[in-house]
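In what follows, chains are A, B, ... by sequence order, proteins preceding strands, each numbered from 1.
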Amino acid sequence: MQLNNKPFDLDLTLYCGQIFKWEKKDGWWWGVIEDKPVKIRQVNTQLEIKNASSNLITSYFGLNDNLYEIKRKICKDEHIKKALNRFWGLRIIHQDPWECLISYICATYKSISAIRNMLFKLSKKFGEKIILDDHIFFTFPKPEKLQSVKESDMLACGLGYRSKYVLASSKKVFHNESIFEDLANLPYSQAKKKLIAFPGVGPKVADCILLFSLGKNEAFPIDVWIKRVILHYYSDHFSKQFISKISTTRSITNSEYNHLSEFGRTYFGEYAGYAQEYLYHFERMIS
DNA sequence: TTCCAGGTTCCAA
DNA sequence: TTGGAACATGGA
């Protein structure tokens, strides 16, 4: 599949921490899309794909998002410009909302390597085994499966206190099959409000789900890394008192979260989520 | 051993 | 509404 002048960097996109279940081995990326095993690699402007159509790959990796237009809109200052230039081709994947919900509930207060381990264990224990070219994959477990497992089995996957949240949210999804379709059709703030009602989902997790799986590109998730970015490069946009307060405490309050996130949305605009991803990855790579 | 992790929940003030 | 502790676990 030819990229035809569409900027795309497969490695960056899969490596930047937005998605957890892809593995790189023997020069190929191995993952599961819509319950099918897929392998893919990039050679310059060509994508070599096994077991997925070009259409599926195009929609999954958001290749129809106009990255030039996005860059033009979010490139508001020298810092974001630096991040855009260094990591040009990083795209926001269109994840499955169900998997995204559970993944980001698990992602709270955990390192990326630990999150990956949790989700691989969860898939191995409760998902379906599938094979492509001798590589063994496990699909992400379905709501009907996860909502029925014992908490002790979930604890065995290393989920810790998140187990009860995953169980409760799975039950909620299981009893409302059209939930994600409904959420995708709602405007950002209404969808966010509904997501926060899920056990284990706060403002940050909700913003990640909205951005990574429900097409809400204006979502601007605030985590420890983005808080650092704001303290280092964007503190001028806030009062000294506010900056002083958030720099002295580890976690932020709800109203502080809203203040920071609202800044991101208004400053960067309709594609704030892209800005967030570039800034997030840049901060992680330089520190 | 200690620290910290793509935070959320619960409870007291 | 707000502030702060508790929360399970594993990787560095």
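- The aromatic ring centroids of A:H94 and A:F212 lie 6.0 Å or more from each other.
- If A:R162 and A:V205 are placed on DNA chain B by their nearest nucleotide, the residue sitting closer to the 5' end is A:R162.
- Nucleotide B:dA5 holds its P atom 14 Å from the CE atom of A:M118, rounded to whole Å.
- Rounded to an integer number of Å, the gap from CH2 of A:W225 to P of B:dA5 is 7 Å.
- At a threshold of 4.0 angstrom between heavy atoms, the contacts of A:G17 include nucleobase atoms, whether or not backbone atoms are also involved.
- Under the 6.0 Å cut-off for aromatic ring centres, A:F138 and A:F120 do not qualify, their centroids lying 6.0 Å or more apart.
- Not a single donor-acceptor contact under 3.5 angstrom links the side-chain atoms of A:R116 to the base of C:dG11.
- In this entry the distance linking CE of A:M154 with P of C:dA8 reads 15 Å, nearest Å.
- A donor N or O paired with an acceptor N or O is not found under 3.5 Å between the base of B:dG7 and the side-chain atoms of A:Y165.
- A donor-acceptor contact under 3.5 Å is not formed by the side chain of A:E256 with the base of C:dG3.
- Considering only side-chain N and O atoms, A:K110 lies nowhere under 4.0 angstrom from the phosphate OP1 or OP2 of C:dG11.
- Pair assignment for B:dC3 gives C:dG11, based on Watson-Crick or G-U wobble hydrogen-bonding distances that are each under 3.5 Å.
- The cationic group of A:K50 does not satisfy the cation-pi geometry with A:W28, failing either the under 6.0 Å distance to the six-membered ring centre or the 45° limit from the ring axis.
- Within the 4.0 angstrom heavy-atom criterion, no nucleotide atom of any strand lies near A:A114.
- Residue A:F198 is classed as a sugar-phosphate contact, given heavy-atom separations below 4.0 Å to backbone atoms only.
- Residue-level contact check: A:K164 touches the backbone only, with heavy atoms under 4.0 Å from sugar-phosphate atoms and none from bases.
- Between C:dT1 and A:N254, no contact under 4.0 Å exists linking OP1 or OP2 to a side-chain N or O.
- Per the geometry, OH belonging to A:Y161 stands 8 Å off P belonging to C:dA8, to the nearest Å.
- Closest-nucleotide positions on DNA chain B for A:I196 and A:A107 were compared, and the one nearer the 5' end corresponds to A:A107.
- Rounded to whole angstrom, the span from the CG atom of A:L122 across to the C1' atom of C:dG10 amounts to 16 Å.
- With a 6.0 Å cutoff to the six-membered ring centre and a 45° limit on the axis angle, A:K82 does not count as a cation-pi contact of A:F282.
- Nucleotides B:dT8 and C:dG11 place their P atoms 23 Å apart, quoted to the nearest Å.
- Contacts of A:E283 with the nucleic acid, taken as non-hydrogen atoms under 4.0 Å apart, are absent.
- In this structure, A:K39 fails the cation-pi test against A:W29, since its NZ or CZ atom is not both closer than 6.0 Å to the six-membered ring centre and inside 45 degrees of the ring normal.
- Rounded to an integer number of Å, the gap from A:Y278 OH to B:dG6 P is 21 Å.
- The side chain of A:T253 lies closest to C:dG3, out of B:dG7, C:dG3, C:dG11.
- Under the stacking definition used here (centres under 5.5 Å, planes under 30°), the residue A:Y104 fails to qualify as stacked on the base of B:dG6.
- Nucleotide C:dT1: paired with B:dA13 (Watson-Crick or G-U wobble, both distances less than 3.5 Å).
- Nucleotides B:dG6 and C:dG4 are separated by 24 Å at their P atoms, to the nearest Å.
- Distance CD (A:E151) to P (C:dT9): 10 Å, rounded to an integer number of Å.
- In this pair, A:Y60 and A:W22 present their aromatic rings tilted. The plane angle is within the 30 to 60° band.
- Between the CZ atom of A:R250 and the P atom of B:dC4 there is a distance of 9 Å, rounded to whole Å.
- Remark: ring of A:Y109 not stacked against base of B:dA5; the cut-offs of centroid gap under 5.5 Å and plane tilt under 30° are not jointly satisfied.
- Nucleic acid contact for A:S163: none, since no nucleic acid atom lies under 4.0 Å from a heavy atom of the residue.
- Side-chain proximity of A:L155 to the nucleotides C:dG3, B:dG6, C:dT9 is greatest for C:dT9.
- In a base pair of the Watson-Crick type (N1 to N3 plus N6-O4 or O6-N4) or a G-U wobble (N1-O2 and O6-N3), with each distance short of 3.5 Å, C:dA6 is matched with B:dT8.
- Judged by distance alone, the side chains of A:N85 and A:Y278 never bring a donor and an acceptor atom under 3.5 Å apart.
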